[in-house]
K.L.:
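One structure follows; several queries about it will come next.
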Amino acid sequence: MDEITVTLPDGSSRRVPAGTTPGEIAAGISPRLAKAALAAAVDDRLVDLGFPLRQDARVRIVTPDSPEGLHVYRHSTAHLLAAAVTNLFPGAQCGIGPATDEGFFYDFIVDRPFVPEDLEAIEKKMRELAAQDLPYERQMLDREEAKQFFSGRGEPLKVQLIDEKTEGRSEVSCYTIKDRDTFVDFCVGPHVPSSGRLKAFTLLNASNAYWKGDARNQPMQRIYGTAFFSDKELQAHLQRLEEAKKRDHRKVGKDVGLFTFHPWAPGATFWLDKGTTLYNTLADYMRAVLFPAGYVELKTPLIYNKALWETSGHWQHYRDNMFLVSGRDGEEMGVKAMNCPGHMLVFGSEMRSYKDLPLRFHEQTPLHRNEASGVLSGLTRVRQFSQDDAHCFVTDEQIAPEVEALLRLVQRVYGDFGLEYSAKLSTRPAEFLGEIATWDRAEAALKQALATSGQKYTIDEGDGAFYGPKIDFDITDAIGRKWQCATIQLDYQMPQRFDLKYVGADNAEHRPVVIHRAIFGSFERFIALMIEHYAGAFPLWLAPVQVVVLPIADRHLDYARNVVQRLHAAGLKAELDERQEKIGYKIREAQLQKIPYMLVAGDRESSDGTVSVRSRTGGDQGSRMIEEFITAALSEVREKKAPPAAAA
RNA sequence: GCUGGCGUAGCUCAGUCCGGUAGAGCAGCUGAUUUGUAAUCAGCCGGUCGGGGGUUCGAAUCCCUUCGCCAGCUCCA
């Protein structure tokens with residue numbers, strides 16, 4: 001019999017008969033590895049453990065520890081879901097069922113939407129199928145026969161998939177799970193060897209989706225679930241979801257009185273007093289950061305004549321997302337959805353010299369985007385919002401240093417907020433405007449800036465905007481979720497559309513390049529992130545109420561008022577709780593409002609000019625002189641100290 | 001925008017399946033209590049059951065429609 005050579009990841013190699021499978025190789029290495037094995041990578045291609053090796057190859061066994069392990073495992077769980085659904089709902093048609101970052105889903109066409117009881121029944125059936133340890137058998141079927149097979153089974157979507165995905169091939173790969181009803185799916189795999197491997201999974205919810213994600217296509221019912229290698233991991237994940245629910249900014253924002261909404265202004269925030277304070281703290285912080293970085297702040301119009309939007313191109317491409325209004329004499333106007341066109345007008349309003357560049361316009365005025373009703377959600381998707389927006393007008397040569405400065409700015413701001421983040425460079429998309437050479441120069445400049453500043457990043461090929469490449473930043477919050485906030489986008493188109501020029505050192509006219517950039521992204525979304533990151537328990541420098549003074553009895557009111565005055569005079573945001581309640585009650589309320597410091601004032605304190613300090617996180621801190629507390633609090637504000645692990 | 005779910009007092013929710021004229025806790029108000037580190041006691045007030053239309057002797061409950069919210073789809077700061 002022919003022998004082949006397989007090379008293992010540790011560099012060792014062994015001779016085995018042709019036709020040997022990765023599963024057998026794993027068993028030959030150790031029983032433990034065989035038990036852990038889920039699939040294999042043969043010359044970097046993922047295959048089943050039962051895949052017969054016909055030629056020399058590099059073989060790596062995929063286990064739960066492999067990067068692809070969880071993905072394969074979840075994909076197999078999705079198949080189990082489909083097997084259970086076809087078993088319980090005869091006539092159900094299957095769409096696609098991939099693994100995702102968080103779990104998996106599978107789309108079906110069924111007579112009626114799934115209800116929670118259905119999910120329970122389906123999950124129960126999945127457990128039965130898992131308990132039976134049914135093999136996942138892979139077969140190569142003749143392409144035409146496979147199409148006929150699926151067609152005969154009433155699975156036209158699978159036929160369509162085969163048509164689209166395997167054009168020109170004679171055989172297609174299918175997987176079978178043999179229960180009483182045999183479930184067959186068209187799928188490249190790989191899969192776990194048998195359903196008994198699937199231990200910890202659960203279905204989460206059902207909702208609607210469309211075939212290929214296109215609303216013009218047939219509606220389908222999607223079931224979401226997630227799976228982990230162990231029950232412990234699954235429980236931890238479910239706990240994270242619970243935790244996320246507890247921190248939901250919509251709930252916390254209501255509980256601590258930051259903002260509200262009204263049906264008559266869908267997607268537009270009513271910032272309450274505390275929310276406004278928090279908002280202003282962020283807005284002022286950003287001004288304080290940007291001013292020394294060479295930015296000037298503008299306030300430009302909210303409503304423009306259609307001519308502006310035609311010039312910028314938004315009228316042609318973005319009108320559906322804009323609020324349109326008519327002027328007194330019937331002229332068509334658009335409420336601004338972004339600041340850039342206005343900033344172009346400001347740039348063009350004067351003669352500009354190369355000596356003026358970089359010219360940096362910052363603006364925080366509100367923007368309106370007429371978002372589809374179905375996408376609105378809390379503060380993260382709204383119709384009215386403000387950005388910490390700015391446009392930097394630069395020369396070609398200034399791109400790299402300017403971007404470098406921006407990277408430092410992002411680093412500094414996120415550092416102040418104690419946020420972890422990652423950067424992503426998006427390059428020229430398939431459809432783009434301008435010259436390839438310009439794009440290449442721009443991308444090179446961005447890469448250079450990233451390298452110089454030591455910023456680690458990933459590359460997303462072809463994901464740039466049509467007008468220029470960009471760098472996006474993802475923040476990871478306290479419970480591991482990602483939020484896209486900051487962005488740095490190069491734009492060659494807008495200056496051209498507005499025919500912007502500056503006079504160069506050569507006394508000739510040149511076209512500036514514009515860098516669109518935001519660090520918070522939008523105040524609304526960033527505040528949502530802050531709320532969920534800190535679970536509403538803000539660090540002192542952000543807290544809308546920093547200190548509450550709690551008199552023990554009415555006779556301490558005068559003293560307490562005096563304390564509050566001194567706190568206010570020192571610039572601290574302080575309130576007085578003068579209700580006739582017991583101290584325990586007032587403390588409980590202050591804790592629930594997540595106020596960082598509670599100052600108790602009773603007989604002892606009023607007689608010796610102290611306050612009894614209680615911190616939200618550390619409890620009773622004993623008594624201190626008022627000035628002493630103020631000094632410590634002010635320095636905590638200055639240091640922007642983050643509280644110890646935010647508790648929900 | 002599309003699909004599904006939900007909408008009852010300021011908040012959290014019961015009542016909806018099976019139609020008989022709305023209920024609890026918290027909050028608020030009033031009174032008593034003057035209180036030492038996460039809920040003092042008592043009383044009271046509070047709802048065109050999201051809006052509109054229909055079926056019915058009778059609708060929170062059934063039907064239609066509309067608005068909003070939620071989960072997704074698509075889109076995005």
Side-chain angles (χ1 to χ4, degrees), chain A residues 105 107 112-116 204-224 245 248 250-251 254-255 257 260-267 318 320-321 337-339 366-389 465 472-473 483-487 489 516-529 550-557 578-594 598-605 612-616 618-623:
Chain A
F105 66 80
D107 290 343
R112 60 171 175 84
F114 293 112
V115 296
L204 294 169
N205 61 332
S207 87
N208 167 267
Y210 296 91
W211 177 237
K212 300 189 171 184
D214 189 330
R216 287 167 303 193
N217 288 339
Q218 204 160 358
M220 304 188 73
Q221 300 304 319
R222 174 171 297 182
I223 295 179
Y224 284 92
K245 220 172 178 179
D248 190 320
R250 291 167 296 193
K251 179 185 175 327
K254 184 180 271 181
D255 290 347
T260 188
F261 288 93
H262 192 278
W264 290 350
Y318 203 74
D320 285 350
N321 271 309
M338 47 271 295
N339 291 308
L367 305 175
H368 291 77
R369 296 186 186 173
N370 198 357
E371 302 285 357
S373 55
V375 307
L376 301 178
S377 175
L379 292 178
T380 53
R381 253 335 251 294
V382 286
R383 288 192 176 138
Q384 186 200 105
F385 61 96
S386 296
Q387 298 178 317
D388 60 322
D389 202 7
D472 288 325
F473 298 82
W483 302 64
Q484 209 252 290
C485 291
T487 185
Q489 307 189 0
H516 306 251
R517 39 108 299 165
I519 301 178
F520 289 154
S522 80
F523 284 95
E524 281 72 7
R525 183 172 287 181
F526 195 76
I527 289 175
L529 160 63
L550 311 176
I552 298 271
D554 285 354
R555 65 178 176 280
H556 310 119
L557 267 174
E578 51 185 316
R579 294 175 303 175
Q580 288 181 19
E581 296 289 351
K582 289 167 74 173
I583 198 68
Y585 181 84
K586 294 184 184 180
I587 285 173
R588 178 182 154 82
E589 297 245 308
Q591 285 285 152
L592 291 176
Q593 287 296 305
K594 308 188 192 275
M598 290 150 259
L599 303 184
V600 177
D603 288 334
R604 291 200 297 272
E605 292 78 8
S612 184
V613 180
R614 181 189 166 97
S615 94
R616 176 182 60 203
D620 194 345
Q621 309 286 298
S623 69

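Chain letters run A, B, ... following the sequence lines, proteins first, then strands; residues in each count from 1.
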K.L.:
Any non-hydrogen side-chain atom of A:Arg383 less than 4.5 Å from a side-chain atom of A:Glu371?
P.N.:
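Yes, their side chains come closer than 4.5 Å.
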K.L.:
Taking A:Lys586 for its side chain and A:Pro551 for its backbone only, find out whether a donor-acceptor pair lies under 3.5 Å.
P.N.:
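Yes; at least one donor-acceptor contact below 3.5 Å.
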K.L.:
Answer yes or no: is there a donor N or O on one side and an acceptor on the other, between the side chain of A:Asp388 and the main chain of A:Gly521, under 3.5 Å?
P.N.:
yes
K.L.:
If B:A38 has a Watson-Crick or G-U wobble mate with both distances under 3.5 Å, name it; if not, just say none.
P.N.:
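Paired with B:A38, as far as the under-3.5 Å criterion goes, is no nucleotide at all.
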K.L.:
Which letters describe nucleotides 65-77 of chain B, given B = protein heavy atom under 4.0 Å from base, S = only from sugar-phosphate, - = neither?
P.N.:
---SSSSBBBBBB
K.L.:
Does A:Arg369 use its side chain to pair, donor to acceptor, with the backbone of A:Ala337 at less than 3.5 Å?
P.N.:
yes
K.L.:
If we check ring pair (Phe, Tyr, Trp, His ring centres under 6.0 Å) with A:Phe526, which of these qualifies: A:Phe385, A:Phe520, A:Phe473?
P.N.:
A:Phe520
K.L.:
Which atom pairs link the protein and nucleotides 37-44 of chain B when you take only N or O atoms and keep those under 3.5 Å?
P.N.:
unit_1: B:U37; atom_1: O2'; unit_2: A:Arg614; atom_2: NH1; d: 3.0
unit_1: B:U37; atom_1: O2; unit_2: A:Arg614; atom_2: NH1; d: 3.4
unit_1: B:U37; atom_1: O4; unit_2: A:Ser612; atom_2: OG; d: 2.2
unit_1: B:A38; atom_1: N6; unit_2: A:Gln591; atom_2: NE2; d: 3.1
unit_1: B:A39; atom_1: N9; unit_2: A:Arg588; atom_2: NE; d: 3.4
unit_1: B:A39; atom_1: N7; unit_2: A:Arg588; atom_2: NE; d: 3.2
unit_1: B:A39; atom_1: N7; unit_2: A:Arg588; atom_2: NH1; d: 3.0
unit_1: B:A39; atom_1: N7; unit_2: A:Arg588; atom_2: NH2; d: 3.3
unit_1: B:A39; atom_1: N6; unit_2: A:Arg588; atom_2: NH2; d: 2.4
unit_1: B:A39; atom_1: N1; unit_2: A:Arg588; atom_2: NH2; d: 3.1

K.L.:
If you measure from the C1' atom in B:C44 to the same atom in B:U8, how many Å do you get, rounded?
P.N.:
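B:C44 and B:U8 have their C1' atoms separated by 22 Å.
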K.L.:
Using the side chain to side chain contact (heavy atoms under 4.5 Å, CB included) rule, take A:Ser522 and A:Arg381 through it: C-alpha gap first, then chi angles, then the decisive distance, then the call.
P.N.:
CA-CA 10 Å; A:Ser522 80; A:Arg381 253 335 251 294; over 6 Å; no
K.L.:
Measure the CZ-CD distance between A:Arg614 and A:Gln621 for me, rounded to the nearest 0.5 Å.
P.N.:
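With rounding to 0.5 Å, CZ (A:Arg614) is 9.5 Å from CD (A:Gln621).
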K.L.:
Base, sugar-phosphate or nothing for A:Asp255? Non-hydrogen atoms, less than 4.0 Å.
P.N.:
nothing
K.L.:
If you assign A:Asp603 and A:Arg579 each to the RNA chain B nucleotide with the nearest heavy atom, which residue ends up on the more 5' nucleotide?
P.N.:
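Looking at RNA chain B, the more 5' nearest nucleotide goes with A:Arg579.
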K.L.:
Please measure how far the C1' atom in B:A14 lies from the corresponding atom in B:A60, and state the result in whole Å.
P.N.:
12 Å
K.L.:
Any non-hydrogen side-chain atom of A:Met598 less than 4.5 Å from a side-chain atom of A:Asp620?
P.N.:
no
K.L.:
Please confirm whether the backbone N or O of A:Gly602 pairs with a side-chain atom of A:Glu605, one donor and one acceptor, at under 3.5 Å?
P.N.:
yes
K.L.:
For B:G43, which nucleotide in any strand shown is its Watson-Crick or wobble partner with both distances under 3.5 Å?
P.N.:
B:C29
K.L.:
Any sub-3.5 Å donor-acceptor pair from A:Glu589's side-chain atoms to A:Gly584's backbone N or O?
P.N.:
no
K.L.:
What protein N or O atoms touch nucleotides 6-10 of chain B N or O atoms at under 3.5 angstrom, if any, and at what distances?
P.N.:
none

K.L.:
Between A:Ile223 (CD1) and B:G4 (C1'), how many Å, whole number?
P.N.:
13 Å
K.L.:
Provide the Watson-Crick or G-U wobble partner of B:A22, both distances under 3.5 Å; none if there is no partner.
P.N.:
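Here B:A22 is not engaged in any pair, so there is no nucleotide opposite it.
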K.L.:
Is it true that a side-chain atom of A:Glu524 and a backbone atom of A:Ser386 form a donor plus acceptor pair closer than 3.5 Å?
P.N.:
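Side chain of A:Glu524 to backbone of A:Ser386: a pair is present.
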